[in-house]
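In what follows, chains carry the letters A, B, and so on, assigned in the order in which the sequence lines appear, proteins first and then strands, with residues in each chain numbered from 1. All values reported here derive from a predicted model rather than from experimental measurement.
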Amino acid sequence: MPPSTDLRDLLGGPVLDVAPRLLGSVLRHGAVACRITEVEAYDGPRDPGSHAYRGETARNAVMFGPPGHLYVYFTYGMHYCCNVVCGPEGEPRAVLLRAGEIVDGVDLARSRRTPVGGDRQLARGPANLCRALAIDAAQNGHYLTTPPLTLTPPDAPAADGRTGPRVGLRLAAEPPWRFWSAGEPSVSAYRPAVTRRREP
DNA sequence: GCTCCGATTATCT
DNA sequence: GATAATCGGAGCG
């Protein structure tokens with residue numbers, strides 16, 4: 001029997017089709033595994049919300065490469081977030097992994113996240129997810145079929161899929177390109193982008 | 001060089 | 001709701 005879904009096949013379609021199908025995927029890094037419950041799509045150079053909007057740079061180069069690799073970026077001086085690069089090569093499409101439920105290695109994940117409330121908060125929010133899984137700049141560009149860091153698509157599409165606006169963007173927040181599984185307590189809270197106060 | 005500000009989070013009121 | 005923490009990318013001159 002072939003693997004339920006080959007990662008490379010899955011990532012080849014339009015990113016708005018790929019993103020919801022990644023719900024239920026398991027992202028594993030060593031002893032810690034996370035079932036993804038919330039994602040966002042970033043579609044090519046014409047998406048003003050995408051890091052690739054203004055073309056390829058050293059930072060976003062991984063997004064322009066072949067699908068199946070992990071694009072990790074550093075933001076706010078302290079946080080990492082990770083994306084799955086989608087195809088085809090040359091088109092900078094990616095899906096941001098926003099939240100999930102830790103399904104293996106809970107103790108290790110919790111030790112990386114102290115202090116934290118309940119286990120459902122371990123990977124709630126994109127930066128928290130990376131921390132729980134110990135993903136940082138060292139994993140940028142990693143190919144997700146190669147242990148110890150792998151992404152396994154679900155056997156069947158996730159039930160109760162929902163869509164809504166993306167989180168935290170000032171530009172292009174309006175297309176409903178955020179996808180999550182209804183009823184999952186690990187899904188992050190929606191916050192509209194804040195406009196920073198300017199000094200007088 | 002220098003400045004602005006971000007695909008965030010925790011913590012305060 | 002508001003803000004600090006903290007730093008590198010990107011734009012501008």
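- Among the protein residues, Arg178(A) comes within range of no part of the nucleic acid, since none of its heavy atoms lies under 4.0 Å from any strand.
- Whole-Å rounding puts the Arg59(A) CZ to dC5(B) C1' distance at 11 Å.
- When the P atom of dG8(C) is taken as reference, atom CG of Asn140(A) falls 15 Å away, rounded to whole Å.
- Whole-Å rounding puts the Met78(A) CE to dT11(B) C1' distance at 13 Å.
- Contact annotation: side chain of Tyr76(A) to base of dA5(C), donor-acceptor pair absent below 3.5 Å.
- Using modelled atom types, no side-chain atom of His29(A) and backbone atom of Leu149(A) make a donor-acceptor pair closer than 3.5 Å.
- Computed from coordinates, the Asp136(A) CG to dC7(C) C1' distance equals 15 Å when rounded to whole Å.
- For the C1' atoms, the distance from dC5(B) to dT3(C) is 15 Å, rounded to whole Å.
- No hydrogens or angles considered: nothing links the side chains of Glu101(A) and Thr37(A) as a donor-acceptor pair under 3.5 Å.
- For the OP1/OP2 pair of dT9(B) and a distance below 4.0 Å, the side-chain nitrogens and oxygens of His79(A) include no atom meeting the criterion.
- Residue Arg124(A) places no side-chain N or O under 4.0 Å from the OP1 or OP2 atom of dT8(B).
- Atoms OH (Tyr80(A)) and C1' (dG9(C)) sit 14 Å apart, rounded to a whole Å.
- The side chain of Val167(A) sits closest to dT8(B) out of dG9(C), dT8(B), dA5(C).
- A salt bridge is absent between Arg166(A) and Glu40(A): the closest approach of a Lys/Arg side-chain nitrogen to an acidic carboxylate oxygen does not fall below 4.0 angstrom.
- Annotation for Arg178(A) and Glu38(A): closest pair NE-OE2, 2.6 Å, computed over non-hydrogen atoms.
- Distance from the side chain of Pro126(A) is smallest to dT9(B) among dT6(C), dT9(B), dA7(B).
- With dT9(B), dG8(C), dA7(B) as the candidates, the nucleotide lying closest to the side chain of Asn128(A) is dT9(B).
- Ile135(A) and Leu22(A) fall within a single hydrophobic cluster, where Ile, Leu, Val, Met, Phe, Trp and Tyr side chains are chained together by heavy-atom contacts under 4.5 Å.
- Considering only side-chain N and O atoms, Arg98(A) lies under 4.0 angstrom from the phosphate OP1 or OP2 of dT8(B).
- Figure legend. dA7(B) is base-paired to no nucleotide; pairs are counted as Watson-Crick or G-U wobble with both atom distances under 3.5 Å.
- Evaluated for a ring pair (Phe, Tyr, Trp, His ring centres under 6.0 Å) with His51(A), the options Phe64(A), Tyr73(A), Tyr42(A) yield exactly one hit, Tyr73(A).
- Here the nucleotide nearest the side chain of Arg54(A), chosen from dG11(C), dG9(C), dA7(B), is dG11(C).
- Note: CG (Leu97(A)) to C1' (dT8(B)) measures 16 Å, nearest angstrom.
- Proximity note for Tyr71(A) (side chain, C-beta onward) versus dA7(B), dA10(B), dG6(B): the nearest is dA7(B).
- Residue His51(A) contributes atom NE2, which lies 16 Å from atom P of dC5(B) at whole-angstrom precision.
- Nucleotides dA4(C) and dC4(B) are separated by 16 Å at their P atoms, to the nearest Å.
- The side chain of Phe74(A) lies closest to dG8(C), out of dG8(C), dA7(B), dA10(C).
- Once the 5.5 Å centre distance and the 30° plane angle are applied, the aromatic ring of Tyr73(A) is found not to be stacked with the base of dA7(B).
- Atom pair Tyr53(A):OH and dG11(C):C1' shows a separation of 15 Å (rounding to whole Å applied).
- The side chain of Ser50(A) approaches dA7(B) more closely than any other nucleotide in the set dG8(C), dA7(B), dA10(C).
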